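Here it is: the structure, laid out below.
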Protein chains: 2
Amino acid sequence: MARVTISETVPPAADGPGAAAPRPSRRRPERRDPAATREALLQAGAELFALHGFDGTSTDALARRAGVNKALISYHFGGKLGLYRAILAATFEPVRERVVALRATPQPAPEALREFIAVFGETASRRQPAFPAMLVRELITPGSPAVSELRPYLVDVLGTVRHILERGVRDGQFREVDPLMTHLSMVGALAFFFATGPARARIVASMPPALKVQPPSADAFVRHMQDLMTLGLAKRPGRS
Amino acid sequence: MARVTISETVPPAADGPGAAAPRPSRRRPERRDPAATREALLQAGAELFALHGFDGTSTDALARRAGVNKALISYHFGGKLGLYRAILAATFEPVRERVVALRATPQPAPEALREFIAVFGETASRRQPAFPAMLVRELITPGSPAVSELRPYLVDVLGTVRHILERGVRDGQFREVDPLMTHLSMVGALAFFFATGPARARIVASMPPALKVQPPSADAFVRHMQDLMTLGLAKRPGRS
DNA sequence: GAATTAATCAACCGTACGGTTAATAAACTA
DNA sequence: TAGTTTATTAACCGTACGGTTGATTAATTC
């Protein structure tokens, strides 16, 4: 029997240091706990789908990573696609909430924009690490089974950014800019940076030590983007 | 161009869920033409891999799109992966050449940077439409079979951008900026924009007509990025 | 504590995939 | 023209995939 020693009743969630390749991240307790099963599958799915995409992730790998029988994917989520949908919602909903909350901020527009960038960065680097990769993956895969579900989130986030930008223009702090293109460039840069973090780490790791550059931290990049956007959008005194 | 479609050996309908119209992009000449076969496969692969990724593209779909027998993928390229590698090289090599040529430009740094953005945009929108999606896809898929082959291209492009940026700082036109982060934000925004173009088109197409916004053109976005970067990097707001 | 429901498991199933093969026709050579 | 090489084809093969099933065990109900 494969039943192993009881380790913990609650998902540890504490990642080991560095990148351990095939870590079986959850050993499930002897006693049943369907909520923990669902949670383990959601967690494993967020990691694997973000890393390898929907097609590139097998149900066997999913189940193994979650420490759970493969059939439970169908049992709890109705199949691989159902799990993917659930993960998408669980990943994007918190982001949307935090972003939309910025709509009502009393801060001046440039500060609100900085705040938006900080929220994106904090979400991507600490709260929902899978979020940028999943966003990018969905958006470059037309015919993905879940793009339509993504739309409301995207619309809400875009709406918030547009709101901030238009306020800034109205208040004379931002030059006349196209809100959609500004939104796309800002979110695109952020999503690209965080989604490609692992690949960049791999690339520098495979370089001769002489050429190595230490990769920029999430916080540093957030600050970079804050400066770039506020300066790039700022209304300058002498211009039409 | 659109010559005869030889006997449809495949079932006429049912190309898959939500698949776009499968246009047979290559006529089949009665006489043999191995060079054209290779070219058709490269072309079909560039489209399909960019759209659905490596895993998401089957050899059957590849061959059907190219109007070619499936076994010819192995015959000419040694397999699906060999075809993918060839496409990657054929896609990135022209980009690198055009970018690296900018290294020696006599223009002042801000102009050179504008030129870089224009080159990226022109490549993505006209010359190699598959390029941004393939770049993004490779970078968010660690363990992709071809990341290592991508490295030299990335290094050369980054080197060029860094060269331009450092020159701009030296000449007092750019403020002190981190070249790597600047490069990542610029290329990230551009790649994201062009790679997600189809998805954005789909999203607005599925919206109620009242809310529809016409999507930004490639040229408009290039100009947006040129302004955003030059203003955002400028030492003093005032020059371009 | 018996009966019922919910959760989990190992084994199995049909299919689609990437790749191979043996045959064959076209192109080339001499 | 005969012989050889190159390009192409349909059919086939082993495998890995996602999903299902029937049994089994833990939890819940009464």
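The figures that follow rest on heavy atoms only: side chains count, while hydrogens, waters and symmetry mates do not. Treat the numbers as computed from the prediction; the structure is a model and nothing was measured. Protein chains get the first letters and strands the later ones, always in sequence-line order, with residue 1 at the start of each.
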Heavy atoms from C-beta onward define the side chain here; which of D/dC17, D/dT20, C/dT8 lies closest to that of A/A71? D/dT20

For atom CD1 of A/I73 and atom P of D/dT20, their distance in whole Å: 12 Å

How many Å lie between CG on A/D33 and P on D/dT28, as a whole number? 10 Å

Is the phosphate of D/dG18 approached by A/S74 (side-chain N or O, under 4.0 Å from OP1 or OP2)? no

Hey, could you give me the CZ/CG distance between A/F131 and A/L190, rounded to the nearest 0.5 Å? 9.0 Å

Looking at B/E138, B/R137, B/E149, which one forms a side chain to side chain donor-acceptor pair (under 3.5 Å) with B/S144? B/E138

Ranking A/T59 and B/P34 by the position along DNA chain D of their nearest nucleotide, the one closer to 5' is B/P34

Taken to the nearest 0.5 Å, the spacing of A/T57 OG1 from A/H52 NE2 works out to 6.5 Å

Can you measure B/D55 atom CG to D/dG18 atom P for me and round it to whole angstrom units? 11 Å

Ignoring hydrogens and angles, answer whether the base of D/dG19 and the side-chain atoms of A/K80 contain a donor-acceptor pair closer than 3.5 Å. no

Can you identify which nucleotide, out of C/dA6, C/dC9, C/dT21, has its nearest atom closest to the A/Y75 side chain? C/dA6

Report yes if at least one side-chain N or O of B/H76 is closer than 4.0 Å to OP1 or OP2 of D/dT8; otherwise report no. yes

Aromatic rings B/F193 and B/F221: how do their planes relate, parallel, tilted or perpendicular, breaks at 30° and 60°? parallel

What is the distance from CG of A/L41 to C1' of C/dT8, rounded to the nearest Å? 12 Å

Interatomic distance where CG belongs to A/L72 and P belongs to C/dA6 [whole Å]: 15 Å

Figure out the CZ/P separation between B/R64 and D/dT9, and round it to whole Å. 15 Å

Rounded to whole angstroms, how far apart are CZ on A/F77 and C1' on C/dA7? 14 Å

Ignoring the backbone of B/N69, work out which of D/dA10, C/dA25, D/dG18 is nearest its side chain. D/dA10

Tell me, yes or no, whether the heavy-atom count around A/R202 atom CZ, taken from other residues, nucleotides or ligands under 6.0 Å, exceeds 12. no

Starting at atom CZ of A/R32, determine the distance to atom P of D/dT25, rounded to an integer number of angstrom. 10 Å

Which one, C/dC17, D/dT25, C/dA26, comes nearest to the side chain of B/S58? C/dC17

Toward the 5' end of DNA chain C, which comes first, B/G78 or A/K70, by nearest nucleotide? A/K70

